[in-house]
Engineer: 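Let me begin by handing over the structure; questions about it come next.
For ligands, and for the atoms within them, numbers begin at 1 and follow the listed sequence. Owing to the predicted nature of the structure, the values given are computational and were not obtained by experimental measurement. Along the sequence shown, residues carry numbers from 1.
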Amino acid sequence: MITNRTFTMLKPDSVEKGNIGAILEKINAAGFRIVAMKLTHMTQRDAEAFYAIHKERPFFGELVQYMTRGPIVAAILEKDNAVEDFRALIGATNPAEAAEGTIRKLYATSISENAVHGSDSDENAAIEGAFHFATREMF
Ligand code: ATP
Ligand code: MG
């Protein structure tokens, strides 16, 4: 199991607001290396599959609509302790609760439009990276 990689998406609100450059700069400044990256537009089927774990939650429909309304930037990132360190860099799901200086504190609007995704485990980082990229780029 690879433990030094995580997966991220700069969500549609980040692309719409022109925040890609600023967010990537913070990611690089925090010591992450970009292993793979692409601009892509998730279909409804993609978003429903990616967030399948949340399908029973009341916000699922809103989440799928948000994630499909425009392009995202998907990327695989590398750093020691990548999953945990990246979750610290992005901050809490709700930007109102995110620590000062975190990406969500700086760039997220609300708990639903929260600028970035970060994998929550090594296992999910591998699954999510493979979802968006050919396995050749993961390993
Ligand atoms: P992500 O998985 O996108 O990195 P997260 O792990 O911090 O976010 P999750 O609990 O996995 O948070 O929720 C996935 C996404 O669903 C959130 O990032 C947000 O866009 C949306 N979401 C979560 N909770 C709510 C909520 N209470 N109301 C509306 N949207 C929500
Ligand atoms: Mg999550």
Side-chain angles (χ1 to χ4, degrees):
M1 173 67 73
I2 294 172
T3 59
N4 63 341
R5 288 186 176 183
T6 191
F7 171 78
T8 188
M9 296 183 289
L10 312 191
K11 297 181 179 182
D13 53 324
S14 295
V15 178
E16 287 159 11
K17 292 179 189 163
N19 288 336
I20 294 175
I23 294 173
L24 289 177
E25 202 162 291
K26 285 200 74 73
I27 290 171
N28 279 324
F32 292 88
R33 193 172 76 82
I34 296 168
V35 176
M37 183 166 69
K38 68 179 175 186
L39 186 82
T40 186
H41 195 147
M42 294 175 91
T43 64
Q44 176 154 343
R45 203 173 150 192
D46 290 335
E48 285 173 355
F50 188 91
Y51 280 115
I53 193 165
H54 296 306
K55 67 175 182 292
E56 307 301 339
R57 309 281 286 276
F59 58 80
F60 185 65
E62 181 192 355
L63 174 61
V64 169
Q65 197 173 12
Y66 160 54
M67 290 304 296
T68 57
R69 78 170 185 224
I72 61 155
V73 173
I76 294 169
L77 306 174
E78 193 169 79
K79 180 186 183 297
D80 287 347
N81 203 34
V83 167
E84 198 183 332
D85 287 2
F86 193 72
R87 295 287 294 196
L89 179 66
I90 67 179
T93 308
N94 185 349
E97 291 162 12
E100 288 300 328
T102 59
I103 291 173
R104 282 172 168 163
K105 182 71 174 184
L106 289 166
Y107 300 110
T109 310
S110 65
I111 191 167
S112 47
E113 302 210 3
N114 59 5
V116 283
H117 164 78
S119 303
D120 60 13
S121 65
D122 290 340
E123 188 188 7
N124 283 336
I127 292 167
E128 293 168 0
F131 184 93
H132 279 278
F133 293 95
T135 50
R136 158 172 73 77
E137 287 158 317
M138 272 297 291
F139 300 104

Engineer: Gln44: what forms a side-chain hydrogen bond (donor to acceptor under 3.5 Å, both in side chains) with it, not counting sequence neighbours?
Structural biologist: Glu48
Engineer: If you count only heavy atoms, which residues are under 4.0 Å from ligand 1?
Structural biologist: Lys11, Tyr51, His54, Phe59, Leu63, Arg87, Thr93, Arg104, Ile111, Ser112, Asn114, His117, Gly118
Engineer: Regarding Lys38 and the six-membered ring of Phe133, is the cationic atom NZ or CZ under 6.0 Å from the ring centre and inside 45° of its axis?
Structural biologist: yes
Engineer: Relative to the ring of His54, is the ring of Phe59 parallel (under 30°), tilted (30 to 60°) or perpendicular (over 60°)?
Structural biologist: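 Ring orientation, 0 to 90° scale: tilted.
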Engineer: Please check this pair: side chain of Asp13 against backbone of Ala115, looking for a donor-acceptor N/O pair closer than 3.5 Å.
Structural biologist: yes
Engineer: Would Lys79 and Phe32 count as a cation-pi pair here, with the cationic atom under 6.0 angstrom from the ring centre and within 45° of the axis?
Structural biologist: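 So Lys79 does make the cation-pi contact.
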Engineer: Are Lys17 and Glu113 within salt-bridge range, i.e. N to O under 4.0 Å?
Structural biologist: no
